[in-house]
Amino acid sequence: MRWTALLSAASLPCGLLAAQVPLRSPLASGAISKMNKQNWKQAANSFSWKEAADIFSPKDLVGLGRPGAGVANVAGDLVLVPFSKYDFDEKKNKKSIFLAPIESTVKPLEIPLAKGGEAFWLDTRTVGHVVEGENSTLEFYAIDVQFEAESTLSTPKSPVLIGSFPSTGATNFIYNPASRHLVFSAEVYDDGDLTTVVQQDKEWEERGTTAFVYDETYVRHWDTYVGPKISALFSAPLSRTPDREWAFEQKWTNILKGTGHSSPVAPFGGTDDFDVSKTHVVYTSKDPVLPEAWHTKQNVYIVPVTGDSEPKELTCGKQGATHSPVFSTDGTKVAWLELGEDGYEADAFRIVLYDLSKDVRFTITDHWDRSPDALAFSKDDKTLYFSAGDEAKVKVFSMPVPPTPLSDETDYAKPLALTSSGAASGVQPLIGGRVLFSRSSFVSPNDVFVLSGIEESNADATLAKPPTVTQLTNFTAADLAEKHMSGGEEFWFKGALDRDVQGWILTPKGFKKGDEAAWPVVLLIHGGPQGAWEDQWSTRWNPNVFVNQGFVVVMINPTGSTTFGQDFTDAIKMDWGGKPFVDLKKGWDYILGEYPEVDADRAVAAGASWGGFAINYIQGHPEFGFGFKALVCHDGVFDAAYLGYSTDELFFFNHEWGGRPWDKHTKEVLDKFSPSLFVDKWSTPQLTIHGSKDFRLPETDGIAVFHTLQQRGVPSRLVIFPDENHWVLDHGNSLKWHYEVFRWFDQWVGMKAQ
Ligand SMILES: *[C@@H]1O[C@H](CO)[C@@H](O)[C@H](O)[C@H]1NC(C)=O
Ligand SMILES: *[C@@H]1O[C@H](CO)[C@@H](O)[C@H](O)[C@H]1NC(C)=O
């Protein structure tokens with residue numbers, strides 16, 4: 001039992017068990033794969049990634065706290081931040097919330113949520129907590145908070161049970177005390193009734209078959225087969241009695257009943273898909289008539305919070321998707337983000353304002369070449385605040401709310417950038433002209449910040465003096481203090497069509513200018529393709545984890561990337577194998593030219609989704625001359641035509657490839673760019689990883705890549721995660737993912753040999 005001893009030694013990271021032997025030759029791989037099957041517990045290969053006090057390892061990434069975005073109470077003196085941290089001993093993701101004072105030196109308070117659940121503000125000193133109870137119900141508690149700015153922050157009493165929900169499906173709670181109604185979403189059957197869900201779930205489970213039957217799309221969406229329920233919005237009376245008791249009437253009104261609307265919109269919609277004023281709820285829903293799989297059109301509606309009358313549509317009827325509908329503070333206006341084109345999801349969002357008192361709708365930011373991603377009105381309703389990507393950072397912007405015009409073609413003003421670095425989210429104006437936001441970067445997960453002293457802007461949308469930024473939390477700084485964290489440096493080069501293209505380079509500890517060919521290098525290729533490598537924390541593609549294993553990391557934002565202007569994003573349409581690869585290669589050559597410290601003979605590349613398409617495409621195009629010694633493809637496209645038939649959101653393919661996969665012109669584009677058509681050139685060792693619950697890009701594409709590599713005798717390995725979707729989310733699976741990726745790179749470019 002020698003291997004048991006080996007296992008307990010430092011030869012394996014984090015108690016992971018594996019039986020990998022380097023697949024040096026295709027001849028050996030058959031035999032080894034059999035051994036893998038029989039002895040998966042054996043540590044035949046002694047690979048382990050680097051761990052040390054100053055190294056930010058995959059285990060550090062998985063075990064680091066994960067703060068969400070902060071939400072302030074109505075008074076604007078406390079912020080609530082959802083938090084989770086993985087416990088390796090218990091193999092459990094522990095959830096909690098932090099309450100942090102906004103203007104006080106009192107330390108933040110952590111409230112553990114042993115059973116998880118959702119926490120949200122009920123009023124300025126009360127947090128609501130909804131958590132699973134007995135018999136498929138949810139229990140609803142009020143947690144009283146005691147806060148004196150100069151002395152205490154505590155929860156002196158046990159949580160008080162104020163009611164329950166008849167189904168565990170209730171989620172996405174918003175409470176506006178002025179409305180005296182709690183608004184939330186829940187998945188319900190055809191009768192739209194919250195109280196019959198548990199019984200109908202039981203009947204569905206016991207229907208005597210496991211079949212799903214479809215007469216229309218979606219069949220499956222993101223990671224779920226679509227079942228008989230849809231998401232609806234409910235309201236239930238909730239208020240405080242004069243003696244400060246919570247009165248929760250368990251009277252559930254489905255405010256979407258009979259409309260065919262579904263909100264929030266799957267798969268990613270949440271509380272950002274609706275908002276609650278004193279009297280009304282505004283929400284976005286997919287158009288109730290159009291086939292979902294090949295349309296993106298979403299309409300915005302307003303309905304009384306009591307559900308006493310039918311919803312009224314606020315959108316004009318010609319839009320594409322809509323997001324983030326919000327009320328002004330006084331409830332007389334609604335603003336939302338809107339895309340122009342049905343069938344496209346990466347247009348620039350326009351801000352639409354609807355003045356309810358005058359019944360007038362108009363669009364602002366028409367001529368602004370950036371795309372906001374969430375909106376909020378200031379407390380005095382004079383200013384709109386939002387976040388938007390700008391050259392690979394996500395900044396906080398503001399712009400004045402225009403007076404209601406007669407025309408809906410107003411381009412009112414140029415938004416003003418209030419921050420300049422990192423990636424902002426959760427932008428929320430406070431009283432006194434302050435603005436709360438959360439921000440992460442390459443070197444840190446979220447912390448919460450507040451902007452104050454925001455001056456009026458100059459005519460050219462600049463500030464004479466930048467606002468004061470105060471940091472309120474410090475969630476992970478102590479854990480990362482000793483680690484080598486590279487902040488990344490931007491570089492710009494001339495790409496396709498002689499256009500300026502941006503990228504990031506991050507360097508390992510000990511990197512010294514002038515050390516020739518000292519470092520292996522990895523090119524990371526992002527997905528989307530309408531996405532970007534931004535100065536942002538990631539728990540899935542964290543460049544500092546690669547840096548800390550000894551790689552120089554190069555991340556390029558090629559044609560198709562967002563945050564550099566809409567024409568740059570749009571230019572990838574029907575050109576997946578064209579301009580992006582000109583950009584990637586020119587950026588790569590730029591780095592090799594400017595950084596002789598990089599060892600071009602120890603270069604590797606990895607990418608997921610569109611980035612996985614890019615890996616498979618680079619495999620088939622050795623003439624590009626990247627010279628990679630090994631590749632990693634995560635959930636990547638193999639046969640692009642098949643994508644047009646098998647993916648969940650068909651509109652995406654139809655837009656990107658210029659039509660249906662059988663259309664003549666689309667077939668011509670597919671014949672140029674489908675990675676499957678170039679397998680005769682494949683020769684680079686490749687690790688392929690796929691999640692079986694990836695319904696965006698089915699796992700058969702990953703299996704097909706592996707089959708191809710194996711039959712061609714190219715060193716290859718396949719890792720399947722049966723429970724993962726397009727992303728690897730489980731903590732243990734994330735460790736395994738990193739283990740396989742670094743083991744693969746180590747095998748081909750010896751990342752430790754410097
Ligand atoms: C749960 O169901 C069991 C069995 O029907 C019952 O005895 C128990 O009281 C229920 N609990 C609650 C909290 O309703
Ligand atoms: C956060 O913590 C780090 C390390 O513990 C410390 O160096 C830094 O000053 C703190 N920053 C703030 C704003 O509290």
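Each ligand, and each atom within it, is numbered from 1 in the order the structure gives. Numbers here are sequence positions counted from 1.
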(request) Pick, from Thr476, Asn474, Leu480, the option with the minimum heavy-atom distance to atom 6 (C) of ligand 2. (result)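 Checking each option, the heavy atom nearest atom 6 (C) of ligand 2 is found in Asn474.
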
(message) Under 4.0 Å and counting heavy atoms only, is there anything from the protein next to atom 11 (N) of ligand 2?
(response) yes

(message) Before we go on, tell me: are the rings of Phe56 and Trp537 under 6.0 Å apart, centre to centre?
(response)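 Phe56 vs Trp537: aromatic centres under 6.0 Å.
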
(request) Could you tell me whether Phe551 and Phe745 have their ring centroids closer than 6.0 angstrom? (result)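 For Phe551 and Phe745, the ring centres are under 6.0 Å apart.
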
(message) Looking only at the side chains, is there a donor atom on one of Ser57 and Glu51 sitting less than 3.5 Å from an acceptor on the other?
(response) yes

(request) Only one of Val448, Thr473, Val79, Leu472 passes side-chain contact (heavy atoms from CB on, under 4.5 Å) with Ser438; say which it is. (result) Val448

(request) Look only at interatomic distance and state if Gln471 has a nitrogen or oxygen under 3.5 Å from any nitrogen or oxygen of ligand 2. (result) no

